[in-house]
Amino acid sequence: RAGATPSGVPGGPRDTRGHKAVRPQIPPGREAAHEGLVDLVPMKATYSEGETGEIMRKEEIPAKLRAEAETRREMMLDAVSMFSDELMEAMIEDTVTEEMIHEAVRKGTLSRELTPVFMGSAYKNKGVQLLLNAVLAYLPEPREVENEAISLEKGTEDETFIVSNDPKDPTIALAFKLEDGQYGQLTYIRIYQGNMSKGDTVKNNRTGQKVKVGRLVRMHSDKMQDIERAEAGDIVALFGVDCASGDTFTSPELSASMASMHVPDPVISLSVKPIDKKAQDNMSKALGRFTREDPTFRVSVDDESGDTIIQGMGELHLDVYIERMKREYKAEVEVSPPQVSYREALGKAVAFDYTHKKQTGGSGQYAKMQGILEPLAEGEFEFVNEVKGGNIPSEFISAVEKGFKAALEKGPTIGAHVVGIKVVLQDGNSHAVDSSDNAFQTCARDAFRTFYPKGGPKVLEPLMLVSVETPREFQGEAMGTLMQRRAIVLGTTEDAGFVRIDAEVPLSEMFGYATVLRSVTQGKAGFTMEFKRYAPAPMAVADELKKEYQEKVKQGH
């Protein structure tokens, strides 16, 4: 690949994740001159030949690379020997064997204290065999990893336990990927405990539904092989099972769920509108499938406008799904401009004292509460009950919490979700007849709307971590494109004629950035972007958002 920087690659995991990254290989050539790899463990040069790189040829290391290879090997052994006393002694006595190195690398990898970094070209299929050999040599087999499941049994809800990896125990399996193929939905599962056979009945613990295993297959790339049985540690696929990505299947007598991966909140949204009835039906099918496949893709309906809103992790993320809707489902849709998911937060603590009283013919509504709204450093919401003496009966406390939670969905400043708030309920009052769950929920919502604006609310905008890679001669131009977008530059690194610029940039400024960057760098620069954090928006941006929201409110939206 143009701009490939092998020597700088280990710096990524080392600098951004704090990993101890080592290179067991060096490439004899880069970019178009990439031929193969020098493997520093056996100290041999390996070349991939043939149309698909399937022919492996091993030779002695070229003389021009011998000195660099020996230096790099010493550096690798210094790092790896920290995980093996035997290897350390062998280095002193100059009796190092390949087995000692493999054992030490495996030990460091399993402890997650060492990160071996492999190289090659997926496009030319060079080095792929060495990478797969390393997967077998260094990564853990199922029995060497502790995986946790969450109990859903009554009395032990939310308690975690270690899955056994034993094929004889009750089955626990995780659906981690869905694929719509010519034979229907294909569900990839990993079996963590127990076994699964054709004809077995398993339970989906999210829906509670029991499912019969009709067809069980083992996948080899795009080919499949029918099998009768799979055990703990196997990755297989099921046909015709209606589920979502992340669902846990267990034996019918067991109620448990595998701990799910963290799914961040979406940061961007689009409104999509089908152009006719046929497109509406096809769009519904497409969105149903996409939400099952991808937990970071969300779909909702705007209560006020009735529009369908899709949300995701970035402009490209949603562009891909819109293109798939059109190509795979023939669903022609009109798309609104992208909307950034802003947030609101409390600026300072504010005390509240609110009474909700309503009298209508029969029994009325009555609730009174006092307390403090405080900014919360971490997390979205925290509720603390400090009511003494039963002034608010205990059966209504959950209603108070529910009322405040409901109020956070749409803040009064810009109509965005409110985060980072702590509610301390200190006192209140109730009425023997007129108090109810509904009265206390309403009281909490109204108390929040009344007193929250007095706490100096702030508007928060999503900041993205943007990494731009550009030839050195275009560094100034690339930096300029970032500075025009309110970027905070975190650092720059240079290697072999290329520069990487890391910066935090507001998402609202990143729309259309790819085109601008390409035009100022003659198409030679690229960038990656991921969500980093929420931060207070500048006054001008916050004022504009407030003004837009007030206009919407006036127009009755």
Side-chain angles (χ1 to χ4, degrees), residues 142 147 149-150 152 163 165-261 263 274 278-299 308 310 320-321 323-331:
N147 291 298
I150 301 164
L152 303 176
V163 295
N165 294 308
D166 191 332
K168 295 172 187 170
D169 285 341
T171 302
I172 301 177
L174 178 73
F176 64 89
K177 180 184 176 182
L178 308 182
E179 193 177 276
D180 249 18
Q182 55 184 332
Y183 305 110
Q185 182 173 296
L186 188 64
T187 304
Y188 287 84
I189 63 165
R190 154 82 188 266
I191 303 174
Y192 283 89
Q193 178 178 295
N195 63 79
M196 198 177 282
S197 298
K198 213 167 152 182
D200 281 357
T201 298
V202 291
K203 180 174 70 173
N204 182 332
N205 278 275
R206 180 178 61 87
T207 62
Q209 289 181 326
K210 290 184 179 176
V211 178
K212 190 168 183 181
V213 178
R215 190 178 172 196
L216 198 60
V217 296
R218 179 170 282 124
M219 303 299 295
H220 296 274
S221 182
D222 59 347
K223 299 178 180 64
M224 60 180 72
Q225 170 195 346
D226 280 277
I227 56 174
E228 295 295 317
R229 188 173 188 272
E231 293 187 346
D234 285 344
I235 294 175
V236 292
L238 305 173
F239 267 109
V241 175
D242 186 25
C243 68
S245 181
D247 282 359
T248 299
F249 291 97
T250 65
S251 299
E253 72 274 12
L254 188 65
S255 287
S257 173
M258 292 302 295
S260 61
M261 61 182 276
V263 179
K278 187 182 176 187
Q280 168 76 57
D281 295 341
N282 291 345
M283 184 182 87
S284 297
K285 285 180 197 169
L287 294 179
R289 175 186 161 191
F290 298 157
T291 49
R292 286 199 304 273
E293 283 180 6
D294 182 357
T296 64
F297 179 77
R298 315 268 176 92
V299 178
T308 300
I310 60 173
V320 167
Y321 280 121
E323 183 57 36
R324 284 183 65 190
M325 258 190 264
K326 293 175 181 176
R327 190 178 67 244
E328 296 175 26
Y329 287 86
K330 306 293 184 284

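For this chain, numbers begin at 1 and follow the sequence in order.
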Asks: Does the side chain of Met325 reach to within under 4.5 Å of the side chain of Met283, using non-hydrogen atoms?
Replies: yes

Asks: Is there side-chain contact between Cys243 and Phe249, with at least one heavy-atom pair below 4.5 Å?
Replies: yes

Asks: Please determine whether side chain to side chain contact (heavy atoms under 4.5 Å, CB included) holds for the pair Leu238 and Ile189, giving the CA-CA distance in whole Å, both sets of side-chain angles, and the decisive distance to 0.1 Å.
Replies: CA-CA 8 Å; Leu238 305 173; Ile189 63 165; 4.2 Å; yes

Asks: Heavy-atom distance under 4.5 Å between the side chains of Val236 and Arg190, does that happen here?
Replies: no

Asks: Heavy atoms only: give me the nearest Arg298-Pro295 pair and the separation to one decimal.
Replies: NE-O, 3.4 Å

Asks: So Phe239 and Val217, side chain to side chain contact (heavy atoms under 4.5 Å, CB included) or not? Walk me through it.
Replies: CA-CA 8 Å; Phe239 267 109; Val217 296; 4.2 Å; yes

Asks: List the atom of Ala259, the atom of Ile150, and the distance in Å for their closest heavy-atom pair.
Replies: CA-CD1, 4.1 Å

Asks: For the residue pair Tyr321 and Phe297, categorise the inter-ring angle as parallel (less than 30°), tilted (30 to 60°) or perpendicular (more than 60°).
Replies: tilted

Asks: Nearest 0.5 Å, what's the CE-CD1 distance between Met196 and Ile227?
Replies: 10.0 Å

Asks: Which pair of non-hydrogen atoms, one from Gly199 and one from Lys212, has the smallest distance, and what is that distance?
Replies: O-CE, 3.6 Å

Asks: Could you tell me whether Gln209 atom CD has more than 12 heavy atoms of other residues or ligands within 6.0 Å of it?
Replies: no

Asks: Where the side chain of Thr171 meets the backbone of Gly194, is there a donor-acceptor pair that is under 3.5 Å apart?
Replies: no

Asks: Could you check whether any side-chain heavy atom of Ser197 comes within less than 4.5 Å of a side-chain heavy atom of Glu228, counting everything from C-beta outward?
Replies: no

Asks: Just wondering, do Val213 and Val202 contact through their side chains at under 4.5 Å, heavy atoms?
Replies: yes

Asks: Under 3.5 Å, is there a donor-acceptor pair between the side chain of Gln185 and the main chain of Val241?
Replies: yes

Asks: Would you say Val211 and Thr201 make side-chain contact, with heavy atoms under 4.5 Å?
Replies: no

Asks: Checking side-chain polar atoms at under 3.5 Å, does Asn205 have a donor or acceptor matched by the opposite partner on Thr250?
Replies: yes

Asks: Distance-only, no hydrogens or angles: does the Asn165 side chain make a donor-acceptor pair with backbone N or O of Gln193 under 3.5 Å?
Replies: no

Asks: So, for Ala331 and Lys326, which heavy atoms are closest and what is the spacing to 0.1 Å?
Replies: O-CG, 3.6 Å

Asks: So how far is it from Leu254 CG to Asp169 CG, rounded to the nearest 0.5 Å?
Replies: 9.5 Å

Asks: Starting at OG of Ser257, measure out to CG of Asn204 and round the result to the nearest 0.5 Å.
Replies: 9.5 Å

Asks: In Å, rounded to the nearest 0.5 Å, how long is the span from CG of Leu152 to NZ of Lys203?
Replies: 8.0 Å

Asks: Quick one: does any side-chain atom of Asp247 pair with a main-chain N or O of Ala244 as donor and acceptor, under 3.5 Å?
Replies: yes

Asks: Would you say Leu216 and Arg229 make side-chain contact, with heavy atoms under 4.5 Å?
Replies: no

Asks: Can you confirm whether Arg218 sits close enough to Ile235 that some side-chain heavy atom of one is under 4.5 Å from a side-chain heavy atom of the other?
Replies: no

Asks: Hey, does the side chain of Asp294 reach the backbone of Thr291 with a donor-acceptor pair shorter than 3.5 angstrom?
Replies: no

Asks: Salt bridge (Lys or Arg N to Asp or Glu O under 4.0 Å) between Asp226 and Arg215: does it pass, once the steps are laid out?
Replies: CA-CA 7 Å; Asp226 280 277; Arg215 190 178 172 196; 2.9 Å; yes

Asks: Shortest non-hydrogen contact from Pro142 to Gly233?
Replies: CG-CA, 3.5 Å

Asks: What residue among Arg289, Arg324, Lys285 forms side chain to side chain donor-acceptor pair (under 3.5 Å) with Tyr329?
Replies: Arg289

Asks: Quick check for you: to the nearest 0.5 Å, what is the distance between Arg292 atom CZ and Leu287 atom CG?
Replies: 11.0 Å

Asks: So, taking the atom named OG1 in Thr296 and the one named CZ in Phe290, what distance separates them when rounded to the nearest 0.5 Å?
Replies: 12.5 Å

